[in-house]
There are 2 protein chains.
Amino acid sequence: MPSSSKTRKSDISISNCGYSKVLDIISNKWTALVIYAMEDGVIRYGEMLRRVDGISKKMLTQTVRKLERDGLVARNIIPTVPPSVEYSLTPLGETLLQPMKELRQWGRGHYQEVEEARASYDMANASDS
Amino acid sequence: MPSSSKTRKSDISISNCGYSKVLDIISNKWTALVIYAMEDGVIRYGEMLRRVDGISKKMLTQTVRKLERDGLVARNIIPTVPPSVEYSLTPLGETLLQPMKELRQWGRGHYQEVEEARASYDMANASDS
DNA sequence: CTGTATCCGGGCTGATACTG
DNA sequence: CAGTATCAGCCCGGATACAG
(Lines give C-alpha, C1' and ligand atoms only; values in the text may rest on other atoms or scores of the structure.)
Protein backbone atom coordinates (compact mmCIF):
# COMPACT_ATOMS: atom_id res chain seq x y z
CA MET A 1 0.00 0.00 0.00
CA PRO A 2 2.05 2.92 -1.25
CA SER A 3 1.74 6.21 0.47
CA SER A 4 2.68 7.79 -2.80
CA SER A 5 1.07 10.92 -4.03
CA LYS A 6 0.34 9.25 -7.32
CA THR A 7 -2.70 10.59 -9.04
CA ARG A 8 -5.81 8.54 -8.62
CA LYS A 9 -8.71 8.10 -10.95
CA SER A 10 -10.65 10.96 -9.45
CA ASP A 11 -7.94 13.44 -10.21
CA ILE A 12 -8.38 13.31 -13.92
CA SER A 13 -11.51 15.23 -14.58
CA ILE A 14 -13.08 16.25 -11.31
CA SER A 15 -10.88 19.00 -10.08
CA ASN A 16 -12.89 22.03 -11.01
CA CYS A 17 -15.77 21.75 -8.63
CA GLY A 18 -14.21 21.81 -5.19
CA TYR A 19 -17.04 19.65 -4.03
CA SER A 20 -15.50 16.57 -5.51
CA LYS A 21 -12.57 17.10 -3.26
CA VAL A 22 -14.78 16.47 -0.29
CA LEU A 23 -16.18 13.43 -1.97
CA ASP A 24 -12.68 12.17 -2.46
CA ILE A 25 -12.49 12.17 1.30
CA ILE A 26 -15.84 10.89 2.45
CA SER A 27 -17.31 8.98 -0.46
CA ASN A 28 -15.66 5.70 0.40
CA LYS A 29 -17.88 3.07 1.77
CA TRP A 30 -16.65 3.23 5.35
CA THR A 31 -15.09 6.64 5.80
CA ALA A 32 -18.17 8.43 6.99
CA LEU A 33 -19.08 5.66 9.37
CA VAL A 34 -15.63 5.70 10.86
CA ILE A 35 -15.77 9.44 11.35
CA TYR A 36 -19.06 9.06 13.09
CA ALA A 37 -17.61 6.49 15.42
CA MET A 38 -15.33 9.25 16.67
CA GLU A 39 -17.92 11.95 17.06
CA ASP A 40 -18.21 11.42 20.79
CA GLY A 41 -14.48 11.64 21.36
CA VAL A 42 -11.54 9.31 21.72
CA ILE A 43 -12.14 5.73 20.75
CA ARG A 44 -9.93 2.69 20.51
CA TYR A 45 -9.36 0.44 17.55
CA GLY A 46 -11.27 -2.54 18.84
CA GLU A 47 -14.14 -0.39 19.98
CA MET A 48 -14.51 1.03 16.48
CA LEU A 49 -14.42 -2.45 15.07
CA ARG A 50 -17.48 -3.17 17.14
CA ARG A 51 -19.20 0.15 16.71
CA VAL A 52 -18.94 0.27 12.93
CA ASP A 53 -21.01 -2.76 12.22
CA GLY A 54 -19.71 -5.02 9.52
CA ILE A 55 -16.34 -3.41 8.91
CA SER A 56 -13.29 -5.65 8.70
CA LYS A 57 -9.96 -4.97 10.32
CA LYS A 58 -8.46 -4.39 6.94
CA MET A 59 -10.95 -1.76 5.93
CA LEU A 60 -10.91 -0.08 9.31
CA THR A 61 -7.16 0.29 9.22
CA GLN A 62 -7.18 1.40 5.63
CA THR A 63 -9.91 3.95 6.24
CA VAL A 64 -8.38 5.33 9.39
CA ARG A 65 -4.98 5.62 7.73
CA LYS A 66 -6.40 7.61 4.91
CA LEU A 67 -8.15 9.92 7.33
CA GLU A 68 -4.95 10.32 9.27
CA ARG A 69 -3.13 11.22 6.10
CA ASP A 70 -5.80 13.76 5.30
CA GLY A 71 -5.27 15.36 8.69
CA LEU A 72 -8.77 14.60 9.91
CA VAL A 73 -7.91 11.96 12.45
CA ALA A 74 -5.21 11.74 15.09
CA ARG A 75 -3.66 8.45 16.14
CA ASN A 76 -2.30 8.05 19.63
CA ILE A 77 -0.30 4.92 20.35
CA ILE A 78 -0.18 3.91 23.98
CA PRO A 79 2.84 1.69 24.63
CA THR A 80 1.27 -0.90 26.86
CA VAL A 81 1.37 -4.66 26.63
CA PRO A 82 -0.65 -5.50 24.71
CA PRO A 83 -0.57 -2.19 22.86
CA SER A 84 -3.60 -0.01 22.48
CA VAL A 85 -4.26 2.76 20.02
CA GLU A 86 -6.61 5.64 20.43
CA TYR A 87 -8.19 7.54 17.60
CA SER A 88 -9.85 10.91 17.65
CA LEU A 89 -10.88 13.70 15.34
CA THR A 90 -8.50 16.56 14.84
CA PRO A 91 -9.84 20.11 14.94
CA LEU A 92 -9.99 19.94 11.18
CA GLY A 93 -11.92 16.72 11.40
CA GLU A 94 -14.39 18.30 13.77
CA THR A 95 -15.14 21.06 11.30
CA LEU A 96 -16.05 18.41 8.78
CA LEU A 97 -18.31 16.75 11.29
CA GLN A 98 -20.73 19.65 11.18
CA PRO A 99 -21.77 19.43 7.53
CA MET A 100 -21.82 15.67 7.82
CA LYS A 101 -24.29 15.84 10.64
CA GLU A 102 -26.62 17.85 8.49
CA LEU A 103 -26.36 15.26 5.82
CA ARG A 104 -27.17 12.55 8.29
CA GLN A 105 -30.12 14.52 9.48
CA TRP A 106 -31.34 14.84 5.93
CA GLY A 107 -31.10 11.08 5.62
CA ARG A 108 -33.14 10.54 8.72
CA GLY A 109 -35.73 13.04 7.66
CA HIS A 110 -36.10 12.21 4.01
CA TYR A 111 -34.97 8.71 3.35
CA GLN A 112 -38.43 7.33 3.62
CA GLU A 113 -39.51 9.59 0.78
CA VAL A 114 -36.65 8.26 -1.25
CA GLU A 115 -37.70 4.71 -0.61
CA GLU A 116 -41.24 5.51 -1.58
CA ALA A 117 -40.04 7.14 -4.77
CA ARG A 118 -38.05 4.05 -5.57
CA ALA A 119 -40.97 1.76 -4.98
CA SER A 120 -43.15 3.97 -7.11
CA TYR A 121 -40.56 4.08 -9.87
CA ASP A 122 -40.07 0.35 -9.83
CA MET A 123 -43.80 -0.19 -9.89
CA ALA A 124 -44.19 2.00 -12.95
CA ASN A 125 -41.33 0.32 -14.78
CA ALA A 126 -42.05 -3.21 -13.68
CA SER A 127 -43.11 -4.34 -17.14
CA ASP A 128 -40.05 -2.98 -18.92
CA SER A 129 -37.21 -5.17 -19.99
CA MET B 1 -30.06 -2.48 -16.19
CA PRO B 2 -32.63 -4.00 -13.89
CA SER B 3 -34.89 -1.67 -12.03
CA SER B 4 -35.29 -4.38 -9.49
CA SER B 5 -35.34 -3.68 -5.82
CA LYS B 6 -32.72 -6.33 -5.28
CA THR B 7 -30.55 -5.69 -2.31
CA ARG B 8 -27.16 -4.25 -3.06
CA LYS B 9 -23.91 -4.74 -1.26
CA SER B 10 -24.41 -1.71 0.95
CA ASP B 11 -27.57 -3.08 2.45
CA ILE B 12 -25.85 -5.82 4.36
CA SER B 13 -24.24 -4.09 7.23
CA ILE B 14 -24.82 -0.38 6.93
CA SER B 15 -28.42 0.05 7.75
CA ASN B 16 -28.23 1.21 11.31
CA CYS B 17 -26.76 4.64 10.89
CA GLY B 18 -29.17 6.48 8.66
CA TYR B 19 -26.25 8.41 7.38
CA SER B 20 -25.19 5.60 5.11
CA LYS B 21 -28.49 5.91 3.38
CA VAL B 22 -27.52 9.34 2.17
CA LEU B 23 -24.18 7.98 1.09
CA ASP B 24 -25.98 5.34 -0.89
CA ILE B 25 -27.42 8.24 -2.84
CA ILE B 26 -24.57 10.67 -3.26
CA SER B 27 -21.41 8.68 -2.79
CA ASN B 28 -21.17 7.58 -6.39
CA LYS B 29 -18.48 9.19 -8.41
CA TRP B 30 -20.74 11.40 -10.50
CA THR B 31 -23.95 11.78 -8.55
CA ALA B 32 -23.02 14.87 -6.64
CA LEU B 33 -21.59 16.57 -9.70
CA VAL B 34 -24.76 15.89 -11.63
CA ILE B 35 -26.89 17.31 -8.84
CA TYR B 36 -24.76 20.40 -8.84
CA ALA B 37 -25.24 20.80 -12.56
CA MET B 38 -28.91 21.27 -11.79
CA GLU B 39 -28.58 23.68 -8.92
CA ASP B 40 -29.35 26.68 -11.09
CA GLY B 41 -32.50 25.19 -12.52
CA VAL B 42 -33.58 23.26 -15.57
CA ILE B 43 -30.83 21.91 -17.73
CA ARG B 44 -30.74 19.73 -20.81
CA TYR B 45 -28.92 16.49 -21.33
CA GLY B 46 -26.27 17.80 -23.67
CA GLU B 47 -25.66 20.81 -21.50
CA MET B 48 -24.97 18.58 -18.52
CA LEU B 49 -22.63 16.52 -20.61
CA ARG B 50 -20.61 19.66 -21.14
CA ARG B 51 -21.00 21.08 -17.65
CA VAL B 52 -19.96 17.94 -15.81
CA ASP B 53 -16.46 17.73 -17.12
CA GLY B 54 -15.28 14.29 -18.03
CA ILE B 55 -18.51 12.38 -17.68
CA SER B 56 -19.53 9.98 -20.43
CA LYS B 57 -23.00 9.69 -21.86
CA LYS B 58 -23.33 6.30 -20.31
CA MET B 59 -22.52 7.49 -16.82
CA LEU B 60 -24.64 10.61 -17.14
CA THR B 61 -27.66 8.58 -18.13
CA GLN B 62 -27.01 6.02 -15.47
CA THR B 63 -26.55 8.63 -12.77
CA VAL B 64 -29.55 10.67 -13.76
CA ARG B 65 -31.74 7.57 -13.91
CA LYS B 66 -30.79 6.60 -10.43
CA LEU B 67 -31.56 10.07 -9.16
CA GLU B 68 -34.87 9.99 -10.95
CA ARG B 69 -35.67 6.70 -9.30
CA ASP B 70 -34.77 8.16 -5.94
CA GLY B 71 -37.21 10.99 -6.53
CA LEU B 72 -34.55 13.67 -6.50
CA VAL B 73 -34.62 14.56 -10.16
CA ALA B 74 -37.46 15.14 -12.60
CA ARG B 75 -37.19 14.31 -16.28
CA ASN B 76 -39.19 16.25 -18.80
CA ILE B 77 -39.23 14.94 -22.34
CA ILE B 78 -40.02 17.53 -24.97
CA PRO B 79 -41.33 15.85 -28.13
CA THR B 80 -39.47 17.81 -30.73
CA VAL B 81 -37.40 16.61 -33.66
CA PRO B 82 -34.75 15.97 -32.66
CA PRO B 83 -35.99 15.30 -29.15
CA SER B 84 -34.75 17.19 -26.16
CA VAL B 85 -34.93 16.26 -22.51
CA GLU B 86 -34.87 18.61 -19.60
CA TYR B 87 -33.74 17.69 -16.13
CA SER B 88 -34.35 19.50 -12.89
CA LEU B 89 -34.31 18.92 -9.17
CA THR B 90 -37.53 17.95 -7.48
CA PRO B 91 -38.52 19.67 -4.22
CA LEU B 92 -37.02 16.70 -2.44
CA GLY B 93 -33.85 17.12 -4.44
CA GLU B 94 -33.66 20.76 -3.47
CA THR B 95 -33.77 19.89 0.20
CA LEU B 96 -30.74 17.71 -0.34
CA LEU B 97 -28.97 20.52 -2.11
CA GLN B 98 -28.73 22.51 1.09
CA PRO B 99 -26.54 20.11 3.10
CA MET B 100 -24.52 19.42 0.00
CA LYS B 101 -23.75 23.07 -0.43
CA GLU B 102 -22.35 23.16 3.07
CA LEU B 103 -20.17 20.23 2.25
CA ARG B 104 -18.93 21.95 -0.87
CA GLN B 105 -18.22 25.04 1.14
CA TRP B 106 -16.22 22.97 3.57
CA GLY B 107 -14.23 21.63 0.66
CA ARG B 108 -13.46 25.08 -0.60
CA GLY B 109 -12.51 26.31 2.81
CA HIS B 110 -10.49 23.41 4.10
CA TYR B 111 -9.21 21.37 1.23
CA GLN B 112 -5.93 23.16 1.19
CA GLU B 113 -5.33 22.07 4.77
CA VAL B 114 -6.05 18.53 3.72
CA GLU B 115 -3.56 18.73 0.92
CA GLU B 116 -0.95 20.10 3.26
CA ALA B 117 -1.64 17.33 5.72
CA ARG B 118 -1.19 14.80 2.96
CA ALA B 119 2.07 16.30 1.84
CA SER B 120 3.28 16.34 5.41
CA TYR B 121 2.22 12.77 5.97
CA ASP B 122 3.87 11.57 2.80
CA MET B 123 7.00 13.44 3.69
CA ALA B 124 7.21 11.77 7.08
CA ASN B 125 6.57 8.32 5.67
CA ALA B 126 8.65 8.67 2.55
CA SER B 127 11.26 6.19 3.69
CA ASP B 128 8.81 3.45 4.61
CA SER B 129 8.18 0.47 2.45
C1' DC C 1 -4.97 -5.86 21.04
C1' DT C 2 -3.68 -3.84 16.76
C1' DG C 3 -2.59 -4.47 12.90
C1' DT C 4 -0.42 -6.58 7.90
C1' DA C 5 -0.37 -9.72 3.72
C1' DT C 6 -2.55 -12.17 0.19
C1' DC C 7 -6.07 -13.99 -2.61
C1' DC C 8 -9.99 -13.12 -5.36
C1' DG C 9 -14.56 -11.94 -7.01
C1' DG C 10 -17.83 -8.27 -8.34
C1' DG C 11 -19.17 -3.90 -9.56
C1' DC C 12 -18.04 0.62 -11.11
C1' DT C 13 -16.25 2.91 -14.92
C1' DG C 14 -14.38 4.31 -19.52
C1' DA C 15 -14.19 3.52 -24.52
C1' DT C 16 -16.45 2.56 -28.44
C1' DA C 17 -20.05 1.69 -31.58
C1' DC C 18 -24.84 1.74 -32.67
C1' DT C 19 -29.99 3.64 -32.63
C1' DG C 20 -34.56 6.49 -32.80
C1' DC D 1 -30.06 15.28 -29.56
C1' DA D 2 -30.50 11.70 -26.30
C1' DG D 3 -29.71 7.78 -25.38
C1' DT D 4 -28.51 2.07 -25.38
C1' DA D 5 -25.29 -2.07 -25.84
C1' DT D 6 -21.26 -4.43 -25.22
C1' DC D 7 -16.59 -5.25 -23.91
C1' DA D 8 -12.78 -5.05 -20.93
C1' DG D 9 -9.96 -3.21 -17.03
C1' DC D 10 -9.30 -1.76 -12.49
C1' DC D 11 -10.08 -0.86 -7.88
C1' DC D 12 -12.96 -1.64 -3.84
C1' DG D 13 -13.89 -4.53 -0.48
C1' DG D 14 -14.54 -9.27 1.95
C1' DA D 15 -12.35 -13.52 3.83
C1' DT D 16 -8.71 -15.53 5.73
C1' DA D 17 -4.33 -16.24 7.68
C1' DC D 18 -0.32 -14.39 9.83
C1' DA D 19 2.50 -11.03 13.03
C1' DG D 20 4.38 -7.71 16.82
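When reading the values below, keep in mind they use all heavy atoms of this one structure, side chains included, and skip hydrogens, waters and symmetry mates. So that the names make sense, note that chain A is the first sequence line, chain B the second, and so on, each numbered from 1.
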**Q.** Residue whose nearest DNA chain D nucleotide is more 5′ - Arg44(B) or Lys58(B)
**A.** Arg44(B)
(Q) If the cut-off is 4.0 Å, is Arg75(A) near the phosphate of dT2(C), judged by side-chain N/O to OP1 or OP2? (A) no
**Q.** Ion pair check, Arg118(B) and Glu68(A), cut-off under 4.0 Å
**A.** no
Q: For residues Ile35(A) and Leu96(A), report the shortest heavy-atom separation together with the two atoms involved.
A: CD1-CD2, 4.2 Å
(Q) Taking 4.0 Å as the cut-off, does a side-chain nitrogen or oxygen of Tyr87(A) come that near to OP1 or OP2 on dG3(C)? (A) yes
Q | Euclidean distance, atom CG of residue Asn76(A) to atom P of dG3(C) [Å, nearest integer] | A | 11 Å
Q: For the side chain of Thr61(B), starting at C-beta, report the closest nucleotide among dT4(D), dG14(D), dG14(C).
A: dT4(D)
Q) Is any side-chain N or O of Lys57(A) closer than 4.0 Å to OP1 or OP2 of dC1(C)? A) no
Q: Please examine the side chains of Met38(A) and Ser88(A), heavy atoms only from C-beta on, and report whether any two atoms are closer than 4.5 Å.
A: no
Q | 5' precedence on DNA chain D between Pro82(A) and Ser27(A) (nearest-nucleotide basis) | A | Ser27(A)
Q) To the nearest angstrom, how far is Leu49(A) atom CG from dC1(C) atom C1'? A) 11 Å
Q. Nearest-Å distance, CE (Met48(A)) to P (dC1(C))?
A. 15 Å
Q) Please give, in whole Å, the distance from dG3(D) P to Met59(B) CE? A) 15 Å
Q. Which nucleotide in the set dG3(D), dT13(C), dC1(D) lies at the smallest distance from any side-chain heavy atom of Arg65(B)?
A. dG3(D)
Q: Round to the nearest Å and state the distance from Lys66(B) atom NZ to dG11(C) atom C1'.
A: 13 Å
Q. Of all the choices, dG3(C), dG20(D), dA2(D), which nucleotide is nearest to the side chain of Tyr45(B) once you look at every atom?
A. dA2(D)
(Q) I need the CD-P distance between Gln62(A) and dG3(C), as an integer number of Å. (A) 14 Å
Q: Verify, without hydrogens or angle tests, whether Tyr36(A) (side chain) and Lys101(A) (backbone) share a donor-acceptor contact under 3.5 angstrom.
A: yes
Q. For the pair made of CG in Leu23(B) and P in dG13(D), what is the distance, rounded to whole Å?
A. 11 Å
